[in-house]
Amino acid sequence: MIKDELRAAIRQALVACYQQQDLDSGEIPEEIQLEVPKNPDHGEYATNLAMLLARAEKKSPRQIAERLTAVLQKSELLEKVEIAGPGFINFRLSPACWAATLHRVLADGANYGRSEVGRGTKIQVEFVSANPTGPLHIGHGRGAVVGDALAAILQAAGFDVQREYYINDAGNQVQTLGRSILARLRQLQGESVEFPEDGYQAEYVAELAAGLRQEQGGLTGLDDAEAVARCAGYGVAEVLKWIATDLEAFGITFDNWYSEQSLYDRKLVDYELDRLRQKGLTFEADQALWLRTTDFGDDKDRVLIKSDGSYTYFASDVAYHLEKFERGFDRVIDVWGADHHGYIPRMKAMLKGFGLPADALEVLLIQMVNLLRDGEPFVMGKRSGNFITLREVIDEVGRDACRFFFLMRRCDSQLDFDLELAKQQNSDNPVYYVQYAHARICSINRNADEAGIPMPDRDQFDFSQLSLEEEVALIRQLARFPEALEGAALHYEPHRLVFYLQELAAALHSYYNRHRVLVEDVRVSQARLYLVNAVRTVLANALRILGVSAPERM
RNA sequence: GCGCCAGUAGCUCAGCUGGAUAGAGCAACGGACUUCUAAUCCGUAGGCCGGGGGUUCGAAUCCUCCCUGGCGCGCCA
């Protein structure tokens with residue numbers, strides 16, 4: 001991308017200065033810092049290099065900047081190099097750069113913006129992983145969309161990505177589901193049985209009981225334990241189908257569904273615990289097996305096998321995560337609800353104790369979603385059964401708006417999700433703002449087609465016809481897309497793409513309102529068609545990565 | 001008590017590895033539709049960046065101590 005080319009040019013200039021002995025410290029920073037100035041008058045990029053070298057060179061930043069710019073003036077990339085303020089060097093890119101950007105966008109098409117920074121690193125994104133004991137609710141939605149978008153962003157940045165869903169089908173909560181279903185089943189049979197105190201009250205449990213009865217009858221011949229197991233098995237399988245269906249409605253699919261129970265069935269938990277034992281990371285006390293996580297930053301040691309011989313949830317999680325690395329992943333990202341943050345130190349401690357690098361596991365915490373309706377808090381409780389399912393929200397609000405809304409904020413800040421607001425199909429809803437920009441360009445294309453004005457190809461395109469301020473602003477924005485995408489990938493921050501999109505859409509709308517694309521002069525019209533279709537390409541690419549549609553008409 | 005996240009315009013939030021005059025949307029006010037889609041645009045107004053101290057050429061950003069809100073501190077999952 002342009003930024004990298006500029007960086008290389010600056011580095012060359014610095015080396016040249018040392019060779020000519022204009023400068024003498026010989027110091028070359030590992031990475032030349034380039035920033036985008038807030039004020040467009042300062043050009044497209046700026047560097048503070050001269051200020052950083054001032055100490056080593058024992059010269060004023062401005063003196064250093066003057067020597068560097070003397071060399072940089074000659075670069076073909078640059079139209080203008082200026083020294084400003086305390087010693088910033090500001091760069092204005094040349095028209096040749098802008099023309100090249102447009103060619104690049106249109107030639108690369110759907111691939112424009114992709115990069116290879118990931119270098120094929122095998123990375124797994126595990127997300128949602130909601131317990132299969134009930135339908136997904138709105139709180140799961142945020143993690144689902146962020147995980148999905150992040151996976152797509154990483155793919156676009158050249159990582160080798162797998163999306164995985166971890167099914168907690170081995171714990172107590174599955175038993176609870178089984179007991180709840182069984183109670184409802186017996187009630188359906190007319191028996192008067194007491195509903196378990198800790199059972200799931202919600203409506204869907206009765207639905208599951210009815211479905212089970214239809215498929216397998218009343219389970220009358222079975223003893224309690226067997227009946228509960230049958231109910232649990234049926235319930236988990238059905239609920240997983242619901243979850244998969246709802247996620248598909250949300251545009252989310254997984255490469256792999258990984259069962260916790262399968263860890264036990266394949267004796268992987270024992271196997272992995274043995275590996276920990278052999279490394280001397282465990283100890284026995286109070287008839288329990290402990291993992292010495294305090295040696296690696298946790299604030300207390302953690303139980304793996306309880307004194308009654310059963311495994312903790314932590315034990316299977318340890319096994320699960322160790323097994324991920326045995327599957328060959330270089331890096332693993334877990335997307336968790338922020339209420340699980342206390343769990344991170346023990347997981348990281350475990351992996352560290354095992355000798356894996358500190359960044360092998362990255363946990364992305366997704367802060368809570370406060371559900372509102374008309375500005376009033378909407379209280380939810382799984383127990384009481386008073387919750388809004390994700391499916392209801394998708395159906396009510398629409399997939400595009402819902403996804404966009406969840407991606408709009410940094411995930412470590414809490415999110416107010418107002419059902420009425422998100423439902424509004426009007427200008428308060430930023431997703432339409434972006435989609436509208438795309439639809440407008442499509443409309444221009446239809447008109448151009450009708451008027452017999454063809455999109456120019458690369459050789460016909462005449463960049464000299466594009467000289468308006470708004471046109472350069474648009475191209476500048478297009479040139480930044482690869483940077484935005486790369487930043488979103490390397491920092492695990494999908495919201496950056498959302499903000500990028502809003503800025504690009506704003507630049508397009510502003511241009512559209514001030515100037516016509518299709519004018520009398522065919523040469524101008526064609527050049528502008530070339531430009532806006534580059535914009536359309538980038539809008540579509542970014543929206544596709546975020547899983548939001550790019551409509552041709554609105 | 002300890003830990004994690006947040007505190008930026010009336011509201012909801014951006015602010016990338018520390019950079020130049022702190023930005024956007026909504027709300028408010030004033031404008032622009034015989035012209036490619038007004039789900040749009042242009043303009044005005046609005047700020048001790050929670051508070052104190054520190055680090056330095058330079059801090060919304062880093063360190064430290066407070067304050068406020070949310071969440072978490074099981075041989076639960």
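The structure presented is a predicted model; accordingly, all values stated were derived computationally and were not measured. Numbers restart at 1 for each chain; the letters A, B, ... are given by sequence-line order, proteins then strands.
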Just to be sure I understand the rule, does [X] reach a base, reach only the sugar-phosphate, or reach nothing, if contact means heavy atoms closer than 4.0 Å?
| X | value |
| --- | --- |
| A/A46 | base |
| A/S307 | base |
| A/L49 | nothing |
| A/M554 | base |
| A/Y343 | base |
| A/H341 | base |
| A/Q287 | nothing |

Side-chain N or O of [X] less than 4.0 angstrom from OP1 or OP2 on [N]?
| X | N | value |
| --- | --- | --- |
| A/H495 | B/rG15 | yes |
| A/Y436 | B/rA39 | yes |
| A/S413 | B/rA14 | yes |
| A/K300 | B/rC2 | no |
| A/R440 | B/rA38 | yes |
| A/N447 | B/rU37 | yes |
| A/R410 | B/rG15 | yes |
| A/S510 | B/rC42 | yes |
| A/Y433 | B/rC41 | yes |
| A/R302 | B/rC75 | no |
| A/K38 | B/rG15 | no |
| A/R516 | B/rC36 | no |

Side-chain donor/acceptor of A/R528 to backbone N/O of A/R516, under 3.5 Å: yes

More than 12 heavy atoms of other groups within 6.0 Å of A/Q287 CD: no

B/rC42 and B/rC26, which share atom name P, separated by this distance in whole Å: 11 Å

Distance, P atom - from B/rA9 to B/rU35, rounded to whole angstrom: 41 Å

Aromatic stack A/F499/B/rA14: centroid gap under 5.5 Å, interplanar angle under 30°: no

Quick test of your reading of the model: are [X] and [Y] salt-bridged, counting only N-O distances below 4.0 Å?
| X | Y | result |
| --- | --- | --- |
| A/R7 | A/D4 | yes |
| A/E126 | A/K324 | yes |
| A/D521 | A/R523 | yes |

Mind checking who [N] pairs with, Watson-Crick or G-U wobble, both distances under 3.5 Å?
| N | result |
| --- | --- |
| B/rC4 | B/rG70 |
| B/rG43 | B/rC29 |
| B/rC36 | none |
| B/rC16 | none |

